[in-house]
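Read the numbers this way: they start at 1 and go in the same order the structure lists the ligands and their atoms.
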Amino acid sequence: MSDRDTVRVRFAPSPTGTPHIGNIRTALFNWLFARHHGGKFVLRIEDTDVARRVPGAVESILDALRWLGLQWDEGPEVDGPYGPYYQSLRLDLYQSLAERLVAEGKAYYCFCTQERLTEMRKEQEARKEPPGYDRLCRTLSEADVQACFEKGLKPVVRLKVPLEGETSFHDLIRGEITFANAVLDDLVLLKSDGYPTYHLANVIDDHYMNITHVMRAEEWIPSTPRHILLYKALGFEPPIFAHLPIILAPDRSKLSKRHGATDTGWYREQGYLPEAMVNYMALLGWAYDEKQEIFTIPELIEKFELGKVNPTGAVFSKDKLDWMNAYYINHVVGVEELAARCLPFLQNAGLVAPGSPADVREFPYLLSIVPLIKERMKLLSEVADLTDFFFLDDLHYDPLALVQKKMTPESTLAALESAEQALLPLRDWKEEALEGTLRPLAENLGLKPGQLFMTLRVAITGRTVSPGLFETMEVLGRQRTLLRVARAADALRNM
Ligand code: GLU
């Protein structure tokens, strides 16, 4: 198989901020497509827009991809045969090809100043004409150009776009797309500081990196006819294009910060599982059939096809993502794995000592806690709040919360003392035995089970909502439970 037959796709982010969920969905679709076809997934950093570069942005993109398991085959850190994979390290290539286009008469130097361009735009606006360069420099003679250089003026290089005719391309998701050349103005290829524009660098790299399929968000559709013209001018074969549907907020406007977090890192911090994120993002624009929603990663790889990508915008629903995350927490990830993933959140909250599952003393204890709370957990970050009473012996609650309806502080104290007496001789500290001891006790005390159990729940957890009382007592253990019951009694005595 020659290189041209191997599927090669790329994710080409610009490091201008934190990785937006929409960009990462683009990365995911490229990754799935590459894995499905046994091809290569290339990561290229498009960092030529110096003014918009943000320090740390590359690292956060790499982190997001690693977190989700979207390992790239070529790119930063892994390298590969078509590097370098940072555009800022390929400037000579862009410059020499731009010069070549000028020499061949397919592009030209433009010396128009920023002031002139601004003025021109204002006039176009006033005349209600579409904005665009008026091509003043397209007809400069060689002597004019020479004179400008001699004056020390620094030009940009613009592509000579045909003034008539049409440019079409076939989009794998949308079919034939055609633009009249008249609406495409003479785009800038090289800026006056020698840096390429997105268009020039993107086209050159997709060619030299042997990219077979360009899959990117639909907002790039207007750039594609320009790219096709540029491929032609350079004498390169264009790749196949597929423009992915935009991601919308539930109100069907473009998903942005005002709808909630769009930064992938935020989802990680909140305790979304990477598997659930991948599964959910795969459904943003792609569907296997009307029914199936839960997919393992190997299944996604097997089933992913561009033919099933919907061209219309995909609505991002955080409720659906939350549902899916809870599903993964409860039905997909095993208890041991879940406990390991909860561990950092408990460590951050200061409830558990630092260290890995293998060396944290409380880890076996955590393993017995997790099954009790996982049904109520949507996000891993909720674990600290759901479990803190398992780790903290100093519970803070109002002693009056121990006193249930139709009970007095005196009768509550008596109930706690009796419970302590009944539990003390119990050796078999298991859920069933605990219930078998406390249920009859309620009857003996003339209380409804709910009254006694709520008192005990507050005594041992400090709250009125918790996992099942008896299983909580079992996991907390004999000593801790009895100590808490005794402390509750003390609190009532000292009121
Ligand atoms: N650097 C562009 C971006 O930030 C890449 C667009 C493309 O994939 O061509 O999204």
Give me the residue, atom name and distance of the protein heavy atom closest to atom 10 (O) of ligand 1. W220 CZ2, 3.4 Å

Tell me which protein heavy atom sits closest to atom 8 (O) of ligand 1, plus the residue, atom name and distance to 0.1 Å. R10 NH1, 2.8 Å

I'd like to check R66 versus W72 (side-chain heavy atoms, cut-off strictly below 4.5 Å). Are they in contact? yes

With atoms numbered from 1 as shown, which atoms in ligand 1 lie under 4.0 angstrom from a non-hydrogen atom of E46? 1 (N), 2 (C), 5 (C)

Check ligand 1 against N202 and write out every atom of the ligand that is under 4.0 Å from a heavy-atom position of the residue. 7 (C), 9 (O)

Within reach of ligand 1, part of F11 (heavy-atom separation under 4.0 Å): neither

Applying a heavy-atom cut-off of 4.0 Å, say which part of T26 lies close to ligand 1: side chain, backbone, both or neither. neither

Got more than 12 heavy atoms from elsewhere within 6.0 Å of CD, E176? yes

Heteroatom proximity flag, A12 to ligand 1, N/O under 3.5 Å: yes

Less than 3.5 Å between some nitrogen or oxygen of S14 and one of ligand 1, yes or no? yes

Taking atom types as modelled and ignoring hydrogens, do the side chains of T26 and N23 form a donor-acceptor contact shorter than 3.5 angstrom? no

Is there a donor-acceptor contact under 3.5 Å linking the side chains of R216 and S223? no

Using the side-chain hydrogen bond (donor to acceptor under 3.5 Å, both in side chains) rule, pick out the option among K40, R35, R8 that qualifies with D73. R35

Working for side-chain hydrogen bond (donor to acceptor under 3.5 Å, both in side chains), residues D205 and Y94: CA-CA 9 Å; D205 285 349; Y94 313 131; 2.7 Å; yes

